[in-house]
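From a predicted model like this one, the values you see are computed outputs, not experimental measurements.
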Amino acid sequence: MSTSASNTPDIIELRNIACDVASQAGKYVLEESKNQVLHETKSSASDLVTEIDKHTEALIVDLVRSQRPDDSFLGEEGTSQKGSSDVLWVIDPIDGTTNFVHEHPGFGVSIAAKLDDVIVAGAVADPKHGELFDAAIGNGARCNGELIRIERSPKLETALVATGFSYEASERKTQAKILTYLLPAIADIRRMGSAAIDLCSVAMGRVDAFYETGLNEWDIAAGSLIASEAGAKVLTIKSFVGETLHVAVNTCIESEFLNLLHSAMEKSSRDI
Ligand code: 2AM
Ligand code: CA
């Protein structure tokens with residue numbers, strides 16, 4: 001483990017660990033997605049998903065800890081371990097669980113490193129598409145090792161926008177209402193099923209914006225850094241129809257898109 005004289009971790013080293021571990025965990029998750037039991041009865045599938053999720057999270061923690069024994073860990077499947085260093089690893093072992101269960105493309109592994117509460121490095125593996133995204137703060141974002149930078153210059157009406165829906169029926173109703181105000185103003189909506197991969201799609205210019213409410217830190221930690229290092233504006237709005245809203249948007253349409261979201265929120269809250 002290399003550290004500087006001040007004991008500050010090397011951010012590139014953190015990114016490389018995130019990449020290496022996300023890649024290994026991604027291969028495991030891809031193999032498990034082919035498990036026939038997943039595609040049989042729904043109840044046995046949910047037990048098996050939990051088991052695979054937990055196993056993947058444990059694998060990620062073990063692999064990172066073998067290189068960074070003093071760090072802290074936070075994971076979707078319940079990992080919460082306090083270490084003595086200033087680095088916290090934020091882990092989503094399988095983001096896009098519904099896709100994973102259906103063996104549908106669009107699930108992945110997300111691993112981010114936070115230093116003193118700032119996300120400084122991260123990686124997202126999308127194993128079904130053979131893509132590994134990463135970023136280190138101030139050092140850019142990459143896909144399969146190649147630097148990526150958003151190049152599209154969309155207008156609001158030509159923008160392709162990704163979003164996602166909650167698992168809660170009442171929240172889905174509100175989210176659907178907001179969509180009715182967004183859809184007429186943009187090119188189209190995509191609902192792929194993984195917030196982590198959606199943020200990488202913003203970074204690649206495959207979509208021009210992503211927004212979603214009701215997400216957890218592990219869903220967006222790595223992807224947010226990847227999108228911002230590729231040139232997107234990434235922001236969190238604390239109170240959006242009572243929920244925290246996460247947005248990543250091509251800077252060409254930043255203000256128009258945020259205005260549209262706010263007006264959709266206001267109109268939909270009057271309707272409900
Ligand atoms: P998951 O696949 O790990 O559950 C889909 O819209 C995106 O939102 C996915 O990243 C999904 O994460 C996340 N998501 C949606 N509703 C969620 C909820 N209630 N709790 C946690 N994550 C949620
Ligand atoms: Ca998730």
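- Counting only distance, with no hydrogens or angles, the side chain of Asn99 and the backbone of Gly106 share a donor-acceptor pair below 3.5 Å.
- Applying side chain to side chain donor-acceptor pair (under 3.5 Å) to Thr213 and the options Gln175, Glu243, His246, Glu171 leaves one that passes, Gln175.
- Hydrophobic clustering places Phe100 together with Leu59 (ILVMFWY residues linked when any side-chain heavy atoms are closer than 4.5 Å, directly or through intermediates).
- Considering only heavy atoms from C-beta on, Leu156 comes within 4.5 Å of Phe257 through its side chain.
- The side-chain heavy atoms of Leu115 and Pro9, taken from C-beta on, include a pair separated by under 4.5 Å.
- Atom-to-atom distance recorded for Asp53:CG and Glu32:CD is 11.0 Å, nearest 0.5 angstrom.
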> Are Thr236 and Val247 close enough, and set up right, to give a side chain to side chain contact (heavy atoms under 4.5 Å, CB included), and what steps lead you there?
Replying inline: CA-CA 6 Å; Thr236 301; Val247 181; over 6 Å; no
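- Across all their heavy atoms, Glu76 and Pro93 have their closest contact at CB-CD, 4.1 Å.
- In the hydrophobic clustering of this structure, Leu147 does not group with Ile12; members are Ile, Leu, Val, Met, Phe, Trp, Tyr whose side-chain heavy atoms approach within less than 4.5 Å, directly or through other members.
- The backbone N or O of Leu258 sits less than 3.5 Å from a side-chain atom of His262, completing a donor-acceptor pair.
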> Could you walk me through whether Ile60 and Phe73 pass the side chain to side chain contact (heavy atoms under 4.5 Å, CB included) check?
Replying inline: CA-CA 10 Å; Ile60 293 167; Phe73 295 87; over 6 Å; no
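- Hydrophobic cluster membership is shared by Ile137 and Trp89, with clusters built from Ile, Leu, Val, Met, Phe, Trp and Tyr side chains linked at under 4.5 angstrom.
- Closest heavy-atom contact between Ala195 and Phe210: CB-CZ, 3.8 Å.
- Side chain of Arg191 to main chain of Thr163: no donor-acceptor pair is present (N/O by atom type, distance under 3.5 Å, no hydrogens or angles).
- To the nearest 0.5 Å, the span separating CD on Glu212 from CG on Leu245 amounts to 9.5 Å.
- Looking only at distances, no side-chain donor or acceptor of Asn216 sits under 3.5 Å from a matching main-chain atom of Trp218.
- Asn144 places a side-chain N or O within 3.5 Å of a backbone atom of Leu132 that can act as its donor or acceptor partner.
- For the atom pair Met204 CE and Ile148 CD1, the distance stands at 5.5 Å (nearest 0.5 Å).
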> Between Thr79 and Ile91, is a side chain to side chain contact (heavy atoms under 4.5 Å, CB included) present by the stated rule, with each step listed?
Replying inline: CA-CA 9 Å; Thr79 300; Ile91 300 159; 5.6 Å; no
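- In plain terms, the two heavy atoms of Asp219 and Asp95 that are nearest each other are OD1-OD1, 3.2 Å.
- Between Glu229 and Arg15 there is no salt bridge, since no side-chain nitrogen of the basic residue lies less than 4.0 Å from a carboxylate oxygen of the acidic one.
- Here the OG1 atom belonging to Thr174 is positioned 11.5 Å from the CG atom belonging to Leu179, to the nearest 0.5 angstrom.
- Minimum heavy-atom separation, Ile197 to Gly108: CD1-N, 3.9 Å.
- Among residues two or more places apart in sequence or in another chain, the salt bridge (Lys or Arg N to Asp or Glu O under 4.0 Å) test is passed with Lys233 by none.
- Considering only heavy atoms from C-beta on, Glu256 stays 4.5 Å or farther from Leu260 through its side chain.
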>> Could you go through Val207 and Asp198, starting from their C-alpha distance and side-chain angles, then the distance that decides it, and tell me whether this counts as side chain to side chain contact (heavy atoms under 4.5 Å, CB included)?
In response: CA-CA 8 Å; Val207 295; Asp198 284 344; 5.9 Å; no
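- Pairing each heavy atom of Ile150 with each of Ala203, the nearest pair is CG1-O, 3.4 Å.
- Here the side chain of Ser268 pairs a donor or acceptor atom with the backbone of Met265 at under 3.5 angstrom.
- Under a hydrophobic clustering in which Ile, Leu, Val, Met, Phe, Trp and Tyr are joined whenever their side-chain heavy atoms come within less than 4.5 Å, directly or via other members, Ile220 and Val249 fall into different clusters.
- Under the 4.5 Å side-chain contact rule for hydrophobic residues, Leu14 and Val61 share a cluster.
- Between His104 and Lys128 there is no side-chain heavy-atom pair separated by less than 4.5 Å.
- At least one side-chain heavy atom of Arg68 sits less than 4.5 Å from a side-chain heavy atom of Glu13.
- Interatomic distance, Ser201 OG to Arg190 CZ, rounded to the nearest 0.5 Å: 11.0 Å.
- When each of Asp126, Thr97, Leu30 is tested with Phe107 by the rule side-chain contact (heavy atoms from CB on, under 4.5 Å), just one qualifies, namely Leu30.
- Considering only heavy atoms from C-beta on, Ile111 stays 4.5 Å or farther from Val124 through its side chain.
- For the pair Thr98 and Tyr167, the minimum side-chain heavy-atom distance is below 4.5 Å.
- The two residues Asp208 and Thr158 come nearest to each other via the heavy atoms OD2-O, 3.8 Å.
- Crowding of Asp62 atom CG: a count of heavy atoms from other residues, nucleotides or ligands under 6.0 Å exceeding 12.
- Here the CG-CZ distance, from Leu225 to Phe133, works out to 14.0 Å after rounding to the nearest 0.5 Å.
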